[in-house]
Amino acid sequence: MNVNKLTKALFITSLMSLPAAAAELEISVTNLTHGNHFTPLLLAAHNMDSHLFQVGEMATPELQKMAEGGDIADLNASVMGAGGITVANPAQGLLAPSASVDSIMLDSGDMTHLSITGMVLPTNDAFVGIDSWKIPTEAGTYTFTLNAYDAGTEANDEIINGGGASGVPGIPVAPGGDGGMNATGIMDMSSNDKVHIHPGVLGDMDKNGGASDLDSRIHRWLNPVARVTVVVK
């Protein structure tokens, strides 16, 4: 091999051995629902082997805690323990219907994938999310939408009772103050205990009884439930 070819081969080999270039991300999340809030969001940059959730798989205890009660602490700790980079609660609380949280800065370092999640309220165990979106290597603006998923950990009885701890049936609260009371409960006949697309809520229009404590005029939704814009710099 001549010197030029050897130099070229060494140069290519050295490039291949370098870690992926760090990407600085500027992220915006918009709640597209008519009457539902998102609990504190978790944004995570991680490697291809890590997940906040996986459709078709059983929810982890960390995911269950978030999906039933909005607590992202354990998910956050799990990502950081695996070497990921997170931004927790960028909206500093609930993200209201039609509201946006903008200019969330996340330096992804050498992480290659982005995931986002947060509970949808009022529901039993619905959450908004995206699992392992591959971060583009080319600078630019990328926009996509997010669906609502069912964690499969709790029956969708649509009863607001202040619950929210893992394994305790019920809905913590209707943040807009627009929920009902004294519901007998929706008969959720689903046997799907894996993470799956949420079927939506039924609700009713009886604020002082009926089957559901959710208002069908306010809390029902169709996917997608959120819009995300990522600026890769």
**Request:** Taking all non-hydrogen atoms of both residues into account, name the closest pair between A174 and D178 and its distance.
**Result:** CB-OD1, 3.8 Å
**Item:** Donor on one side chain, acceptor on other, D157 and N124, under 3.5 Å
**Value:** yes
**Asked** M105 versus E26: any side-chain heavy-atom pair under 4.5 Å?
**Response** yes
**Request:** Return yes if some donor-acceptor pair links the side-chain N/O of S190 with the main-chain N/O of N192 below 3.5 Å, else return no.
**Result:** yes
**Intermediate values then yes/no, side-chain contact (heavy atoms from CB on, under 4.5 Å), L214 and I171** = CA-CA 10 Å; L214 306 186; I171 297 171; 4.0 Å; yes
**Request:** Decide whether S132 and H51 meet the rule of one side-chain donor and one side-chain acceptor closer than 3.5 Å.
**Result:** yes
**Prompt:** How many angstroms lie between atom NE2 of H46 and atom CD1 of I85, to the nearest 0.5 angstrom?
**Reply:** 11.0 Å
**Request:** Could you tell me whether the side chain of Q64 and the main chain of A151 form a donor-acceptor pair under 3.5 Å?
**Result:** no
**Prompt:** Does G152 offer a backbone N or O that forms a donor-acceptor pair with the side chain of D193 under 3.5 Å?
**Reply:** no
**Request:** Indicate if L25 and Y142 have the same hydrophobic cluster label, given that clusters are the connected sets of ILVMFWY residues with side-chain heavy-atom separations under 4.5 angstrom.
**Result:** yes
**Item:** Under the salt bridge (charged side-chain N to carboxylate O under 4.0 Å, His left out) test, residues paired with R217 that sit two or more places apart
**Value:** D215
**Beyond-backbone contact of M119 with P172, side-chain heavy atoms, under 4.5 angstrom** = yes
**Request:** Output all residues satisfying salt bridge (charged side-chain N to carboxylate O under 4.0 Å, His left out) with D74, sequence neighbours left out; order by chain, then residue number.
**Result:** K65
**Request:** Classify the ring geometry between F144 and W133 as parallel (under 30°), tilted (30 to 60°) or perpendicular (over 60°).
**Result:** tilted
**Message:** Is any side-chain heavy atom of D150 closer than 4.5 Å to one of N156?
**Reply:** yes
**Least distance between heavy atoms, A126 atom then H198 atom** = CB-CD2, 3.3 Å
**Asked** If we only count heavy atoms from C-beta on, is the S28 to V101 side-chain gap below 4.5 Å?
**Response** no
**Asked** Would a hydrophobic clustering, with Ile, Leu, Val, Met, Phe, Trp and Tyr connected at side-chain separations under 4.5 Å, put M58 with V195?
**Response** no
**Asked** About how many Å separate CG of L43 and CD1 of I130, when rounded to the nearest 0.5 Å?
**Response** 11.0 Å
**Prompt:** More than 12 non-hydrogen atoms from neighbouring residues, nucleotides or ligands closer than 6.0 Å to CE on M205, yes or no?
**Reply:** no
**Heavy-atom closest contact (I197 atom, N223 atom, distance)** = CG2-ND2, 3.6 Å
**Item:** Distance-minimising heavy-atom pair for V79 and A45
**Value:** CG1-O, 4.5 Å
**Prompt:** From L52 CG over to T86 OG1, what is the distance, rounded to the nearest 0.5 angstrom?
**Reply:** 9.5 Å
**Message:** Please check: side-chain N/O of D204 versus main-chain N/O of A211, any donor-acceptor pairing under 3.5 Å?
**Reply:** yes
**Asked** Just by distance, do the side chain of K207 and the backbone of M181 share a donor-acceptor pair under 3.5 Å?
**Response** no
**Prompt:** Should I116 and V228 count as side-chain neighbours, where that means a heavy-atom distance under 4.5 Å?
**Reply:** yes
**Message:** So I186 and V201, do their side chains get closer than 4.5 Å, heavy atoms only?
**Reply:** no
**Request:** Please step through side-chain contact (heavy atoms from CB on, under 4.5 Å) for the pair L121 and T39, ending with a clear verdict.
**Result:** CA-CA 7 Å; L121 274 177; T39 63; 3.6 Å; yes
**Message:** Could you tell me if the side chain of E24 sits less than 4.5 Å from the side chain of S108, heavy atoms only?
**Reply:** no
**Asked** Remaining members of M80's ILVMFWY cluster at a side-chain heavy-atom cut-off under 4.5 Å?
**Response** none
**V232 vs V230 side-chain heavy atoms within contact, under 4.5 Å** = yes
**Request:** Would you kindly confirm whether Y149 and W221 end up in one hydrophobic cluster when ILVMFWY residues are joined by side chain heavy atoms under 4.5 Å apart?
**Result:** yes
**Prompt:** Would a hydrophobic clustering, with Ile, Leu, Val, Met, Phe, Trp and Tyr connected at side-chain separations under 4.5 Å, put I27 with I135?
**Reply:** yes
**Message:** Working to the nearest 0.5 angstrom, can you tell me the gap between L146 CG and F127 CZ?
**Reply:** 11.0 Å
**Fill in**
Heavy atoms of T33 and P97 approach each other most closely as O-CB, 3.5 Å
**Request:** Is it possible for you to say whether L75 and L94 belong to one hydrophobic cluster, with membership spreading through side-chain heavy-atom contacts below 4.5 Å?
**Result:** no
**Backbone N/O of V55 and side chain of D131: donor-acceptor pair under 3.5 Å** = no
**Request:** Grab the two heavy atoms, one from N182 and one from D213, that are nearest each other, plus how far apart they are.
**Result:** N-OD1, 3.6 Å
**Request:** Any chance you could measure N31, atom CG, to R227, atom CZ, to the nearest 0.5 Å?
**Result:** 10.5 Å
**E158 side chain to L202 backbone, donor-acceptor under 3.5 Å** = yes
**Prompt:** Could you give the distance from CE (M66) to CG (D125), rounded to the nearest 0.5 Å?
**Reply:** 9.5 Å
